[in-house]
Amino acid sequence: MLEDRSLNREELIQVIGQVRRRWRRKLLLRGAALVVGIAGLTLLGSAWSLEALRFRPAAIIAFRLLALAVFATSAWVFCVRPFLRRVTDEQVALYLEEREPSLDAALMSAVESSGASSSRLSESRALVAKLVESALQRSADVGHGQGVERSSTQRFGILLGGIAAALMAVIALGPAYLQHGVRALLVVSRSVEASSPYRIEVQPGNVTIPRGADQTVTARLVGFSSTQVELSYRKAPDAPVERLPLMAAKNAGEFEGMLIDLPSSVEYFVESNGVSSPVFTLKVADVPYVKRLDLEYVFPKYMGLEPRTAEDAGDIAAPRGTQIRVTVIPTMKTPGGALKINDAANIPLMVNQDGTLRGTFTVNSAGFYRVELDAPTGEHVAASPQYTIDIL
């Protein structure tokens, strides 16, 4: 008899435990739906804000922290804290009876009398066993409360799935900046610079140039287009910022301009439509530079033309097959140099007794070239602007 009573009491505790687990499962689903909804709205709002701020690195970092804080706070408030809440057996019994009036307080009386959560053992054990048995029977008649939580659990499960599906649909079918923004916020393994869909690639970047030289700056817009691109530069740390509009180049999305006669190092960056490039430095050093460039055109024999010389020149326009003899007059003595053709071929320059350098190449295709000279330190430095080669 005592064994039967013990079994009934354990069964009663199991019923209470099952109701408690179903109740907590419902709370988790409801909390997850709220968390996903709040986090989704935060992601969409942050992505829109990043677009308005043109994905600046500081903005990406700030909204990453905001999204993390919102997610952590909502998860704690709606999921973790309710799940950790301690609920007594009497509270569970009362919760079930409020939703199943047919139990008629039998479950509550059985829990209190059986001592599952109380120490009142002065009552008749036979009466307690009868109460527990009656409560278990009535609980079984209503499926131990499974119907109460089933509908709520299904409802919150559907709500969670619907919110997640709607969020994914908005991101997938919405403007491209939403996808870029969500990736920038969630993929924290990438740097903030790599997370931005908009950037400006600048050439030559950080380089050392001869004192007094001219330097061409080329900017390429990536991810966006604009007709106004501006080069900002400062000739000294305490000097005012000067601005130079860049002109559209031949290639789409590229712009170029030239800084002339640089006597000292310069910090510069390019900005367009709210997007800025990193800050670069043009270091100025006493290295050789092209003071003058003379060209001699030796035309193909079939043309029957005499060679032609162009003094203090640079750009080349000649028929295909024309041989170009280049004479470089540097600003200072140099042990050697080369002609860089289309950033690929290197044509060595021979040093003459008078300190000038001479090299020859044949025009076979359109492109560009520049002069590189050897500095006293042994490094090759860009010693001229980039000149064009046009085929006539």
Side-chain angles (χ1 to χ4, degrees), residues 27-83 155-203 205 219-232 246 248 251-255 269-280:
L27 289 183
L28 281 178
L29 285 173
R30 184 183 67 181
L34 288 170
V35 170
V36 171
I38 294 172
L41 291 176
T42 302
L43 286 177
L44 295 178
S46 299
W48 180 86
S49 301
L50 287 177
E51 170 68 13
L53 296 172
R54 307 304 286 173
F55 285 83
R56 290 189 175 93
I60 294 177
I61 294 174
F63 282 107
R64 280 180 178 178
L65 295 176
L66 174 64
L68 178 61
V70 170
F71 176 78
T73 302
S74 59
W76 168 257
V77 172
F78 298 114
C79 289
V80 178
R81 191 171 65 176
F83 186 80
R155 183 170 64 253
F156 288 124
I158 293 173
L159 178 62
L160 174 61
I163 293 175
L167 178 62
M168 289 187 291
V170 170
I171 295 174
L173 303 177
Y177 71 80
L178 284 181
Q179 302 167 21
H180 295 311
V182 171
R183 280 197 294 268
L185 293 170
L186 297 182
V187 186
V188 296
S189 60
R190 295 194 302 177
S191 65
V192 290
E193 290 80 9
S195 298
S196 174
Y198 310 131
R199 67 180 187 276
I200 302 177
E201 296 179 350
V202 179
Q203 294 293 336
R220 186 168 74 92
L221 309 184
V222 179
F224 71 105
S225 60
S226 177
T227 57
Q228 295 184 346
V229 182
E230 197 172 58
L231 170 67
S232 300
L246 299 184
N251 297 329
E254 289 190 359
F255 296 80
F269 66 93
V270 178
E271 186 174 19
S272 176
N273 199 19
V275 180
S276 299
S277 73
V279 178
F280 301 102

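The 12-atom threshold is exceeded at CZ of Phe280, counting heavy atoms of other residues, nucleotides or ligands nearer than 6.0 Å.
Contact between Leu50 and Gly181 at its shortest, heavy atoms only, is CD1-O, 4.2 Å. Listed here is the closest heavy atom pair of Leu29 and Gly157: CD1-N, 4.2 Å. Contact detail for Gly31 and Cys79: the closest heavy-atom pair is C-SG, 3.4 Å. Between Ser226 and Leu221 the shortest heavy-atom distance is N-CD1, 3.7 Å. Contact record, Leu178 with Gly174: CD1-CA, 4.3 Å, taken as the closest heavy-atom pair. Between Phe255 and Thr227 the shortest heavy-atom distance is CE2-O, 4.2 Å.
Residue Asn273 holds its CG atom at 6.0 Å from CZ of Phe224, rounded to the nearest 0.5 Å. The distance from atom CG of Leu231 to atom CZ of Phe269, rounded to the nearest 0.5 Å, is 8.5 Å. Distance CH2/Trp76 to CZ/Phe71: 14.0 Å, rounded to 0.5 Å. To the nearest 0.5 angstrom, Ser49 atom OG is 9.5 Å from Leu185 atom CG. If you take CD1 on Ile171 and NE2 on His180, they are separated by 13.0 Å, rounding to the nearest 0.5 Å. The CG atom of Leu160 sits 13.5 Å away from the CZ atom of Arg30 when rounded to the nearest 0.5 Å.
In this structure, the side chains of Glu201 and Val222 come closer than 4.5 Å at one or more pairs of heavy atoms. Looking only at side-chain heavy atoms (C-beta outward), Leu44 and Leu167 come within less than 4.5 Å of each other. A heavy-atom distance below 4.5 Å is not found between the side chains of Leu34 and Ile163.
For the side chain to side chain contact (heavy atoms under 4.5 Å, CB included) with Phe78, the lone residue among Ile38, Leu28, Leu27 that qualifies is Ile38.
A donor-acceptor contact shorter than 3.5 Å links the side chain of Arg64 to the backbone of Val187.
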Carefully, step by step, assess Tyr198 and Arg56 under the rule side chain to side chain contact (heavy atoms under 4.5 Å, CB included). CA-CA 9 Å; Tyr198 310 131; Arg56 290 189 175 93; over 6 Å; no
For Ile200 and Ser276, what are the C-alpha separation, side-chain angles and deciding distance, and is it a side chain to side chain contact (heavy atoms under 4.5 Å, CB included)? CA-CA 7 Å; Ile200 302 177; Ser276 299; 6.0 Å; no
